[in-house]
There are 2 protein chains.
Amino acid sequence: MNSQSDQIKQDTGFINESLINVYDSIMRIEESEIRKSRFKDITAKEVHLVHTIGLHDRKTTSEVAHILKLSKGTLTANLNNLERKGYVMRIPNVEDHRIINLGLTSKGRLLYRAHDAFHKLLVQRFLKGFNDDDIHLIKQAMVNLEDFIDEVSAK
Amino acid sequence: MNSQSDQIKQDTGFINESLINVYDSIMRIEESEIRKSRFKDITAKEVHLVHTIGLHDRKTTSEVAHILKLSKGTLTANLNNLERKGYVMRIPNVEDHRIINLGLTSKGRLLYRAHDAFHKLLVQRFLKGFNDDDIHLIKQAMVNLEDFIDEVSAK
DNA sequence: TAATTTAGTTTGAATATCAAACTAAATTTC
DNA sequence: GAAATTTAGTTTGATATTCAAACTAAATTA
């Protein structure tokens, strides 16, 4: 018979393994789902970039590079690819001619929404069977995790 | 004043964003923490490979390639690097001479444990302030997520 | 107006990845 | 039990990703 504390050890052990394993899988299925749809030329990294560019923000190239922690040169290369494939637009900034703002084409917006829908489905399943209090508690655990990440990143 | 359902929308929205953002950060801080220690020549991907090889299993090259979803050629290249750096051993299988089993050197085991300790700290912080029932509930959410991943991967 | 800073691109080198061809060993088939 | 097939892992050649540093053009500051 398992004691209460054995149960907890088992739970935390499972959560540990899960945190390690889950993301890789999420990236993989995101990519394979998106490629089953009409977006056959898109990788997981590219979806991530499209998500970061977003629907409405018109971020600059530097802002996006900073968010994704990519060098400026790498981002330029990635943007060239997504522009060539027709998902992303470079929008010269009229006030400051050094700046390029980024936007999604209509195809890019479709991709954004398809990815977003898949993610919402994923979260729905993640939270399946939980009531509002439970969900609030799970949210708090994610806050903890982000706090820890911020702390470690800062030091 | 927010209604209850607004609160839930906010929570699930946060969880959604969090799931997207958190892993990248985890990979990044894992790498930077490991490089602050005595393991300065190691990338996040390599830690992941060392974790997969594990302390006791003596997995084959093909098993590890399958787990990490890498081609055999890619894994050979990765193993060459980790062998050169002194973390991984190739152990010829005496019963079947085609097979190479994989193991960690003592340096590799040190790296494994350092990474494991960091991960345990991370989970500890993830679960900070929760009681046993809460933890069990969070574990259940992770099970949900893995189920969803398995379902989508299978179809 | 000259010097400096800033935003983004280009360049060149290093690394990672894959699929396909290959080698050697084990298993199956006849 | 020899020949054909399968399996495990490596090598090869091509492609893609990434970075830092040099560069260009525009804006800001001195």
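Here is how names work: the chains are called A, B, and so on, in the same order as the sequence lines, proteins then strands, and each is numbered from 1. Everything numeric in this text was worked out from a predicted model, so none of it was measured.
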More than 12 foreign heavy atoms under 6.0 Å from NZ of K128(A): is that the case here? no
Separation of dA19(C) atom P from K69(B) atom NZ, nearest Å, is 15 Å
I'd like to know if the side chain of E17(A) and the backbone of F14(A) have a donor-acceptor N/O pair within less than 3.5 Å. no
Which whole-number value in Å describes the distance from L70(A) CG to dC19(D) C1'? 10 Å
Phosphate-side-chain proximity, N93(A) and dA26(D), N/O vs OP1/OP2 below 4.0 Å: no
Is it the case that the side chains of N81(B) and Y87(B) hold a donor-acceptor pair, with the cut-off being a distance below 3.5 Å and no angle test? no
Say whether E146(A) and S18(B), considering side chains only, have a donor N or O and an acceptor N or O under 3.5 Å apart. yes
Quick one: sort the Y112(A) and H51(A) rings into parallel, tilted or perpendicular, breaks at 30° and 60°. parallel
Its contact letters, B for base, S for sugar-phosphate only and - for none at protein heavy atoms under 4.0 Å, make nucleotides 3-12 of chain C read ---BSBBB--
In whole angstrom, give the distance that lies between atom NZ of K45(B) and atom C1' of dC18(C). 13 Å
At under 4.0 Å between heavy atoms, what does E46(A) touch on the DNA or RNA strands: base, sugar-phosphate, or nothing? nothing
Let's see if you get this right: which residues in residues 30-43 of chain A place a heavy atom under 4.0 Å from DNA chain D? none
Could you tell me whether the side chains of Q7(B) and D11(B) share a donor-acceptor contact shorter than 3.5 Å? yes
Does either side chain, that of H48(A) or that of E30(A), offer a donor lying less than 3.5 Å from an acceptor on the other one? no
State whether the number of non-hydrogen atoms from other residues, nucleotides or ligands found under 6.0 Å of R58(B) atom CZ is greater than 12. no
Would you tell me if any nitrogen or oxygen in the side chain of N78(B) comes within less than 4.0 Å of OP1 or OP2 on dT15(C)? no
Measure CZ/R84(A) against P/dT15(D) and give the value in whole Å, please. 14 Å
